[in-house]
Amino acid sequence: MRTSLCLLTTLLLCYHHAIHGASLQAQKGPNCRTRPTDILFIIDSSRSVRPSEFEQVKVFLSQVIESLDVGFNATRVGLVNYASTVKNEFSLKTHKAKAALLQAVKKVQPLSTGTMTGLAIQYAMNNAFTESEGARLKSPGINKVAIIVTDGRPQDAVKDISARARESGLEIYAIGVGRVDKNTLRQIASEPLDEHVDYVESYSLIEKLSKKFQEAFCVTADLCSTGDHDCEQICVSTPGSYTCACRDGFTLNEDGKTCNTCGASAVDLVFLIDGSKSVRPENFELVKQFINQIVESMDVGDARAHVGLVQYSSSVRQEFPLGRYSSKKDIKSAVKKMSYMERGTMTGQALQYLVDNSFAISSGGRPAVPKVGIVFTDGRSQDYINDAAVRAKELGYKMFAVGVGNAVEEELRMIASEPVAEHSFYTADFKAMKEIGKKLQMKICVEENPCECESIVKFQTKVEGLIQQLTKKIEAVSKKLAALENKITV
């Protein structure tokens, strides 16, 4: 009998791994291939870049290289290091294997002099992207890409030489750090600028841009499998494109992408938005788009979802209370009209306002209706947040924390409800907030009685059916094993 039990256990483990492995493969989809490309990194190592910061740049380079299909007939990678002079660390033809590239990156040292960005771009165009250095100029299907990382104002002109480089066929990405001159980044980069210009507050955040470049060089026919789509719930692949659908119990909104996540259930939702000066006007507009993206997915109405909006900086300002607007159109219009406060970052004071006022009956809060707070911030709070954050959760509010740029992840975790991993979100780039918005759309709905939710009942029924099928299979296997054991015994 012990032999039978052992065999049965082995079979079940094999069955589990087969099913689990297939599930993981389905989630991953086909492996992402990177299109053959000639990529040149142009790295500023002037004296303003500290040695520890230069190491962080090297980590960023390595992360991007790790995602590439490196090879003589695939992607070739070169690296130019510059300060007052230009140093060719390795050319496009030097390394044909990823491991060799990564080792070469580790050995690069900063030059620690001036900032001659224009000279570096000229070198790239006249030297690095030549056939003698490994560039595939006679292959028009192979992109020529330059990725420039800089943290200061150049000591030479970049506008004309960058224009000539782009005219020669180079696609240029410009990454700025810290006190970089943003106008310089725009003069360097290819169009569209919002896809080719990136900025981070410090070198400690530059690694977070690696995902963008990993995705930029990824090529696949199945957009759904890579997540390169705008569908909130279900992506349905079509040749070269996709359509969106929703799970049982949800309906597709007019935008054809988001789903009505809360159905007819009631919820009081308040946005608590950081309007401090570090956000900057252009990013504040992206924050407003983020709010309206979430509003669009909700079923707003008198007996359904109510939305309120509070902005804070050095002080707190209620933009509109819960229930003032009873349609998505009116809420989104009010959000668009919100003016930017542009001062400090008193997140603790704002959380206390949320606890004391935002969900009060006098501010439109409804008794016995679930309460949800979404807190957005881009920096460290200038006051103490813990007491108010704890109190909000003690009152039963479902709290989400969204951080961008210099936001402190420890503070986000302090604000967020449990489990923290499902209620706390961070991105280095304001442009990536749309992806966070997609995740929030599926999480903000709070059912008063989840057991009555039709979609959950359907899911439970399906699971029970699968368990019964598996039980029958186990019984059948057990009978066969018992019969086999009897034959062996005889």
Side-chain angles (χ1 to χ4, degrees), residues 37-68 77-90 92 101-102 104-125 128-129 144-156 158 161-162 165-166 170-190 193 195-217 405 428-429 431:
T37 308
D38 289 343
I39 300 175
L40 182 72
F41 293 101
I42 305 174
I43 306 303
D44 176 358
S45 67
S46 56
R47 64 175 62 93
S48 61
V49 184
R50 298 184 183 93
S52 60
E53 294 172 334
F54 193 70
E55 290 302 310
Q56 289 169 328
V57 175
K58 287 159 63 175
V59 171
F60 162 71
L61 301 185
S62 297
Q63 288 176 338
V64 176
I65 291 170
E66 280 281 9
S67 69
L68 302 173
V77 179
L79 175 59
V80 167
N81 185 8
Y82 79 93
S84 295
T85 58
V86 178
K87 181 181 179 183
N88 183 31
E89 297 289 352
F90 51 84
L92 293 167
L101 274 173
L102 295 172
V105 169
K106 287 181 181 179
K107 296 176 182 178
V108 177
Q109 297 298 317
L111 302 175
S112 300
T113 51
T115 311
M116 300 294 283
T117 307
L119 182 64
I121 296 171
Q122 184 172 11
Y123 180 90
M125 181 175 64
F129 281 105
K144 317 298 185 292
V145 176
I147 301 174
I148 300 174
V149 181
T150 181
D151 80 331
R153 186 183 294 274
Q155 295 169 322
D156 58 354
V158 301
I161 188 64
S162 298
R166 295 192 301 267
L170 296 188
E171 181 180 9
I172 305 178
Y173 291 87
I175 300 174
V177 183
R179 296 183 178 180
V180 70
D181 177 39
K182 293 185 179 178
N183 186 51
T184 296
L185 301 179
R186 290 189 285 269
Q187 290 178 356
I188 292 172
S190 297
L193 293 179
E195 294 180 11
H196 291 83
V197 175
D198 287 284
Y199 171 80
V200 290
E201 296 281 351
S202 66
Y203 279 101
S204 63
L205 300 173
I206 195 169
E207 292 177 41
K208 298 181 185 293
L209 292 178
S210 60
K211 187 173 186 293
K212 167 188 172 172
F213 289 96
Q214 290 165 356
E215 292 174 349
F217 301 124
D429 189 357
K431 296 171 194 168

Checklist entry - Is the NZ atom of K182 crowded by more than 12 outside heavy atoms at less than 6.0 Å? => result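 Yes, enclosed.
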
Next on the checklist: Taking atom NZ as the centre, does K211 end up with more than 12 heavy-atom neighbours from other residues, nucleotides or ligands that are less than 6.0 angstrom away?
Outcome noted: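 Check fails, neighbour count at 12 or below.
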
Side-chain donor or acceptor of [X] paired with backbone N/O of [Y] under 3.5 Å:
| X | Y | value |
| --- | --- | --- |
| S45 | A83 | no |
| Q155 | T115 | yes |
| D156 | T117 | yes |
| E66 | L102 | no |
| T113 | S84 | yes |
| D181 | P154 | no |

Contact check, side chains of [X] and [Y], non-hydrogen atoms, under 4.5 Å:
| X | Y | result |
| --- | --- | --- |
| E89 | K107 | no |
| Y173 | V145 | yes |
| T85 | L119 | no |
| Q63 | V59 | yes |

Minimum heavy-atom separation for [X] to [Y], with atom names?
| X | Y | value |
| --- | --- | --- |
| T150 | Y203 | C-OH, 4.4 Å |
| L68 | V64 | CG-O, 3.3 Å |
| L205 | A428 | O-CB, 4.1 Å |

Using 0.5 Å steps for rounding, measure from the [atom1] atom of [X] to the [atom2] atom of [Y].
| X | Y | atom1 | atom2 | answer |
| --- | --- | --- | --- | --- |
| K144 | T37 | NZ | OG1 | 9.0 Å |
| Q122 | I161 | CD | CD1 | 4.5 Å |
| K58 | E207 | NZ | CD | 13.0 Å |
| R166 | I188 | CZ | CD1 | 9.0 Å |
| N81 | Q109 | CG | CD | 9.5 Å |

Checklist entry - Less than 6.0 Å separating the ring centroids of Y123 and Y82? => result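 Centroid separation for Y123 and Y82: 6.0 Å or greater.
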
Item to check | Derivation of the side chain to side chain contact (heavy atoms under 4.5 Å, CB included) call for S46 and D151 | outcome: CA-CA 9 Å; S46 56; D151 80 331; 3.9 Å; yes

Item to check | Verdict with supporting geometry, D198 and K212, salt bridge (Lys or Arg N to Asp or Glu O under 4.0 Å) | outcome: CA-CA 10 Å; D198 287 284; K212 167 188 172 172; 2.3 Å; yes

Checklist entry - Hey, which of L79, L111, V80 is the one that makes side chain to side chain contact (heavy atoms under 4.5 Å, CB included) with K87? => result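 One option only clears the test, and that one is L111.
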
Item to check | Residue list, salt bridge (charged side-chain N to carboxylate O under 4.0 Å, His left out) with D44, at least two apart or on another chain | outcome: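 D44: no salt bridge (charged side-chain N to carboxylate O under 4.0 Å, His left out) contacts found.
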
